[in-house]
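Input: a single structure, listed below in structure tokens.
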Number of protein chains: 2
Amino acid sequence: MATRDPDRKRQQLMEAALAEFAEYGVAGARVDRLAKRAGISPGLVYSFFAGKEGLFEAVYEAIVEQTVDAVPIDADDLPEYAGRLHDTAARHPQVMRFLAWYALERAERPVPEVVARSMDEKITAIEAAQRSGTVRSDKPAGEVLALVLALANMWQHQGEDVGHLVTDAQRRSVITDAVRRLVTP
Amino acid sequence: MATRDPDRKRQQLMEAALAEFAEYGVAGARVDRLAKRAGISPGLVYSFFAGKEGLFEAVYEAIVEQTVDAVPIDADDLPEYAGRLHDTAARHPQVMRFLAWYALERAERPVPEVVARSMDEKITAIEAAQRSGTVRSDKPAGEVLALVLALANMWQHQGEDVGHLVTDAQRRSVITDAVRRLVTP
DNA sequence: CCTTCTTAAATGAATGTTCATTTAACGCGT
DNA sequence: ACGCGTTAAATGAACATTCATTTAAGAAGG
């Protein structure tokens, strides 16, 4: 039984970092607070990662890895696909919030290779569905995808002002109904 | 010719603050840099506003004041309404970015009174349009509004990954076409 | 019109605090 | 006993904020 367990600490650190960054962003995050959450000393952060910034990037990369392809596209049933995207987002609010921070604080960074590739695959899948007639063909696949993603994530972006217009239970079907109307031929 | 002109300085300060906050958020903003942008000394900031935080709030309030009702709703032509929202957003990227920061950094704050009221008015307008038959009546007005707003702002939220799928020129019509499909009876 | 007095505006160096990062010592497991 | 994982404390840079001082614009008085 390893009472010394670097891997476990590393894992705890990543989880605490996600929580801290999701709440405050990089600039607002405090290394001390984050280390305390992880149950380690602040100094130890630096033996695992390249400082606060490095930790932020590491968390981002872990999220990308776990999130891309977490919800495989089903181009023949885009409403359900959007619904599943929504479900996943709703189940991981911390991750969504982290990504929102990342988009602002790392606005200039290029899109990661894996993400770009995943996007291409989705386009290809939609184009196939258009050819087989399950998706309307009068709009380019990229446009269809943009709409599906926008609707799938709509409740993430909407603030409290818009959010309270609809109950939690209704949110999913708002998305699926709208996508159905938009993509069926 | 007034070489001393507090009102002008105050104005310059607000503009510089918007630029600085839009770029870095509150936590990342630097008072020195912001003051230099405004062409004033850092100390002067504190004679106008309650520190960095107070300045942030002041900029937010100014934006809310200028933005609410900047695009009056036309419930009988929601596609065009969404298009106009998009136009305005596209014309003021700094403001949009500022609001994105605000949503994250002030997540817990209640919705301002003016915003809530403006929302109620929009709902009422849509309900009227539903009664007169220009908007589908099989969905509650709140749901319709949520969809319209989500689509109007879709290009603000989408990152570079999705954004490059469609050219600038197409963006507006993607929104208006989609809204038309979603809201017509 | 000048000169002096008064008040407001503005500055920027000094202050004190907050924080990321470094360092040096400690002790567990082998 | 040795080396690595870990810590607590030390360091110092970065910043927000304050404040003593300077500068400018009127007001009062001659």
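Naming convention: chains lettered A, B, ... in sequence-line order (proteins, then strands); numbering from 1 in each chain. Just so you know, these numbers come straight off a predicted model, no measurement behind them.
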Please state how far atom [atom1] in [X] lies from atom [atom2] in [N], giving the value in whole angstrom units.
X: D32(B); N: dA13(C); atom1: CG; atom2: P; answer: 11 Å
X: K36(A); N: dA8(D); atom1: NZ; atom2: C1'; answer: 13 Å
X: K52(B); N: dT17(C); atom1: NZ; atom2: P; answer: 18 Å
X: E53(A); N: dC19(C); atom1: CD; atom2: P; answer: 16 Å
X: F48(A); N: dC4(D); atom1: CZ; atom2: P; answer: 15 Å
X: L34(B); N: dG12(C); atom1: CG; atom2: P; answer: 16 Å
X: I40(B); N: dT11(C); atom1: CD1; atom2: P; answer: 7 Å
X: L44(B); N: dA8(C); atom1: CG; atom2: C1'; answer: 12 Å

Kindly point out which of [options] is positioned nearest to the side chain of [X]?
X: Y46(B); options: dT21(C), dA16(D), dA10(C); result: dA16(D)
X: S41(A); options: dA10(C), dA8(D), dA20(C); result: dA8(D)
X: P42(A); options: dT6(D), dG12(C), dT21(C); result: dT21(C)

5′-ward residue of the pair G43(A)/R30(A) relative to DNA chain C: R30(A)
Over all atoms of both residues, closest heavy-atom pair of L182(A) and A178(B): CD2-O, 3.6 Å
Touch class at under 4.0 angstrom, heavy-atom based, for A29(B) against every strand present: sugar-phosphate
Validation row: I175(A), M154(A) side chains within 4.5 angstrom (heavy atoms): yes
Donor-acceptor contact present, side-chain Q156(B) to main-chain M96(B), <3.5 Å: no
F56(A) six-ring centre to R106(A) NZ/CZ under 6.0 Å and within 45° of normal: no
